[in-house]
Number of protein chains: 2
Amino acid sequence: MLTDRQLLIFQVIVNDFIRSAQPVGSRSLAKKEEIQYSSATIRNEMADLEELGFLEKTHTSSGRIPSEKGYRFYVDHLLSPQKLDKRDVNSVKSIFAERIYELEKIVQRSAQILSELTNYTSIVLGPAVKDNKLKRIQIVPLNEETAIAIIVTDTGHVENKIFSLPPNIDPGDIERMVNILNSRLTNVPLEDLNGKIYKEVAILLKQHIHNYDSMLSSIADTLKIPANDKLFFGGKTNMLSQPEFHDIEKIKNLMNMIEDEEDMYEIIRKNPSGIHVKIGKENKNTAMENCSLITATYSMGAEQLGTIAILGPTRMEYSRVIGLLQILSHDLTTVLTKLYQNK
Amino acid sequence: MLTDRQLLIFQVIVNDFIRSAQPVGSRSLAKKEEIQYSSATIRNEMADLEELGFLEKTHTSSGRIPSEKGYRFYVDHLLSPQKLDKRDVNSVKSIFAERIYELEKIVQRSAQILSELTNYTSIVLGPAVKDNKLKRIQIVPLNEETAIAIIVTDTGHVENKIFSLPPNIDPGDIERMVNILNSRLTNVPLEDLNGKIYKEVAILLKQHIHNYDSMLSSIADTLKIPANDKLFFGGKTNMLSQPEFHDIEKIKNLMNMIEDEEDMYEIIRKNPSGIHVKIGKENKNTAMENCSLITATYSMGAEQLGTIAILGPTRMEYSRVIGLLQILSHDLTTVLTKLYQNK
DNA sequence: TGTTAGCACTCTTTCATAACGAGTGCTAAA
DNA sequence: TTTAGCACTCGTTATGAAAGAGTGCTAACA
């Protein structure tokens with residue numbers, strides 16, 4: 001469709017704009033050494049590229065900036081195989097340098113490094129808890145009326161919830177119940193717990209425990225814990241430094257969205273595996289219409305665990321960010337697989 | 001020191017400026033019904049108040065705004081006994097309407113309501129964990145090499161940490177160790193745990209457990225958990241709506257500070273009990289020089305637990321915010337005392 | 001036929017200037 | 001002691017001119 005010359009010019013314009021955030025004019029292009037044509041020729045090509053929808057003008061006599069369609073084309077067809085800066089690679093590797101055991105800490109640190117490297121905002125959806133398998137249930141009575149239920153998963157994740165005890169409960173009953181729960185539910189994925197409790201465990205409890213029904217509903221309720229997986233952020237305020245966000249109103253919308261867990265969860269959830277780029281209005285959210293979101297997934301073995309994302313202006317360093325996400329998601333997957341595979 | 005008329009004029013100026021964020025001129029003051037003097041008289045008084053340091057001008061011929069000294073005087077001497085709006089009172093009461101068991105949830109919700117009512121940013125320092133007493137220690141092995149230590153406190157707070165096991169550990173040893181720890185350490189305040197472990201528990205472990213020394217250091221290390229108490233925020237982005245933060249640079253500084261847990265912790269920590277107001281530069285942090293911070297403490301019984309704070313512009317609704325904090329800290333204290341006093 | 005030089009035109013940015021309004025400080029009169 | 005009046009200051013807004021960056025188009029060129 002496009003001639004080689006058009007491709008060249010388009011690519012240089014996009015790169016230039018990504019770097020400078022200023023509309024690119026024909027004269028400044030003609031001065032570049034990789035472009036040997038006169039400004040008039042370039043003007044003609046730019047007019048064509050605009051007609052095709054890849055470029056835009058901010059006003060009648062301004063230079064050109066890439067349109068969303070332009071960015072889309074750039075991302076899909078013009079990104080050369082990523083050659084990452086060595087420093088970037090080293091920075092990512094450094095995340096895994098110290099021996100950390102907690103999955104969450106690794107994830108948290110990834111988010112932080114990513115935002116520092118890019119000066120954009122990073123969002124990491126923590127490991128999906130619902131696929132974790134139950135390692136142990138524990139109930140600790142706090143006083144006559146309340147107790148705390150604690151569940152530990154095979155990945156070392158801990159959840160807890162306080163619930164109220166039925167009056168005059170026998171401590172022995174609690175202990176028996178915990179034993180039954182553990183013997184029957186160990187290694188069951190958290191999302192299956194609830195079903196299994198009513199199908200298999202209820203019968204057993206009925207045989208051994210007084211007052212089992214009021215207890216059971218408390219416990220079952222408690223085990224419904226893993227509602228949303230945890231979100232981690234890095235560089236929440238980085239977008240304030242981007243020149244496209246000089247406007248307070250825009251910033252307010254964006255920051256409000258970032259602060260709203262629900263919104264962010266909606267945006268980053270259920271990503272198909274691999275790397276994906278959403279540009280400008282491709283993100284449904286109006287607060288993000290000047291933003292691009294790049295997501296990558298990470299896994300443990302064959303099981304997809306979570307998502308890493310970078311939120312930046314549409315004028316984003318796509319090449320570099322994609323490179324960073326690729327290497328990070330790969331490394332995360334490798335480390336996690338090694339660390340927890342031998343359960 | 002000040003005449004009654006000066007007091008009246010000063011108070012009206014402050015109230016007007018808090019409402020409108022605009023410098024207050026003599027003519028607009030003269031129009032108010034509570035002020036019966038001519039604009040010229042008021043001008044003279046304003047000149048005097050400025051000389052005394054209570055008022056400032058933004059430029060030669062502008063109206064007056066309160067100086068920091070002025071706000072300080074206003075807060076210390078001019079705040080009438082707080083008459084709170086009924087809706088405000090009801091909103092605060094609503095926090096405690098549902099029966100919630102988790103202390104953290106109550107605190108979290110308080111922060112949220114507070115920020116919604118005021119349109120400022122609220123910061124709540126969660127209950128000091130170090131004063132909690134140990135209810136139970138649990139150790140759950142995850143695999144051959146790692147285990148997770150869980151501690152539960154008397155207030156239902158749960159902390160956990162993964163640590164590495166010495167090679168070839170005997171499961172029976174772990175169980176014996178947990179029993180010893182629980183029998184010896186239950187009801188010990190968290191901050192005393194470490195000392196007590198080495199003084200009393202080490203000897204016992206030596207008698208009963210193989211390999212006790214390498215285990216002990218792991219455990220002791222694990223129990224050093226409660227580093228910082230948890231911070232909760234409400235309305236982090238509210239300051240973006242305040243007219244004094246039209247300047248992107250100011251916003252960036254402020255938001256960066258709010259996002260930095262260390263900074264915030266430093267600012268809100270170790271507050272003497274009661275309500276305190278820090279105005280403008282009285283806050284050492286330069287990002288806060290256009291802000292005021294009002295803090296209040298809450299307790300459980302006689303034991304001071306944490307701090308609630310509101311961060312707003314120096315042009316803050318002092319009267320209302322102080323009133324809100326008073327009633328909230330009082331109610332929090334009451335509820336918490338009732339809920340957990342009967343341990 | 002593709003490329004380029006040249007020129008008229010457009011639009012933004014910057015600067016200077018003027019007019020207006022809000023507000024002050026000071027003086028003199030009530 | 002209070003107030004009316006007036007000159008003065010400063011910020012805000014509108015206007016216009018000039019400069020600069022960039023475009024589109026036409027005509028000439030290789």
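Letters A, B, ... mirror the listed sequences (proteins, then strands); counts begin at 1. Quick caveat: nothing in here was measured; it's all calculated off a predicted structure. Just the heavy atoms: all of them, side chains too, but no hydrogens, waters or symmetry mates, feed the values below.
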Strictly below 4.0 Å: does [X] bring a side-chain N or O up to OP1 or OP2 of [N]?
X       : N      : result
A:Ser38 : C:dT4  : yes
B:Arg64 : C:dG25 : yes
B:Lys57 : C:dA22 : no
B:Thr60 : D:dC10 : yes
B:Ser28 : C:dA22 : no

For [X] and [N], give me the distance from atom [atom1] to atom [atom2], rounded to whole Å.
X       : N      : atom1 : atom2 : value
B:Asn44 : D:dT1  : CG    : C1'   : 10 Å
B:Ile35 : D:dT3  : CD1   : P     : 12 Å
A:Ile42 : C:dG6  : CD1   : C1'   : 16 Å
A:Met46 : D:dG24 : CE    : P     : 7 Å
A:Arg27 : C:dT4  : CZ    : C1'   : 15 Å
B:Tyr37 : D:dT3  : OH    : P     : 9 Å

Checklist outcome for this item: Residue pair B:Thr41/B:His59 against DNA chain D: nearer the 5' end by closest nucleotide is B:Thr41
Checklist entry - Of A:Leu117, A:Asp85, A:Ile310, which is the lone residue that meets side-chain contact (heavy atoms from CB on, under 4.5 Å) with A:Arg320? => result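 Passing option: A:Leu117.
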Next on the checklist: Distance criterion of 3.5 Å, no angle test: do you see the side chain of B:Arg43 paired donor-to-acceptor with the base of C:dG25?
Outcome noted: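 Donor-acceptor pair under 3.5 Å: yes.
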Item to check | Aromatic plane relationship, B:Tyr318 with B:Tyr71 - under 30° parallel, 30 to 60° tilted, over 60° perpendicular | outcome: tilted
Checklist entry - Heavy-atom distance under 4.5 Å between the side chains of B:Val12 and B:Lys32, does that happen here? => result yes
Checklist entry - Less than 4.0 Å between a side-chain N and a carboxylate O, is that true for B:Glu317 and B:Arg19? => result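 Here B:Arg19 does not pair with B:Glu317 in a salt bridge, since their nearest N and O are not under 4.0 Å apart.
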Next on the checklist: I want to confirm an ordering. Mapping B:Ala40 and B:Gly63 to their closest nucleotides on DNA chain C, which one lands closer to the 5' end?
Outcome noted: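 Mapping each residue to its closest nucleotide by heavy atoms, the 5'-most match is B:Gly63.
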Next on the checklist: Measuring from the side chain of A:Ala47 (C-beta onward, heavy atoms only), which nucleotide among D:dT3, C:dG23, D:dG24 has the closest atom?
Outcome noted: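 The answer is D:dG24, which lies nearest to the side chain.
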Checklist entry - Can you name the nearest heavy-atom pair linking B:Ile279 to B:Ser292, along with the distance? => result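 Closest approach of B:Ile279 to B:Ser292: CA-OG, 3.4 Å.
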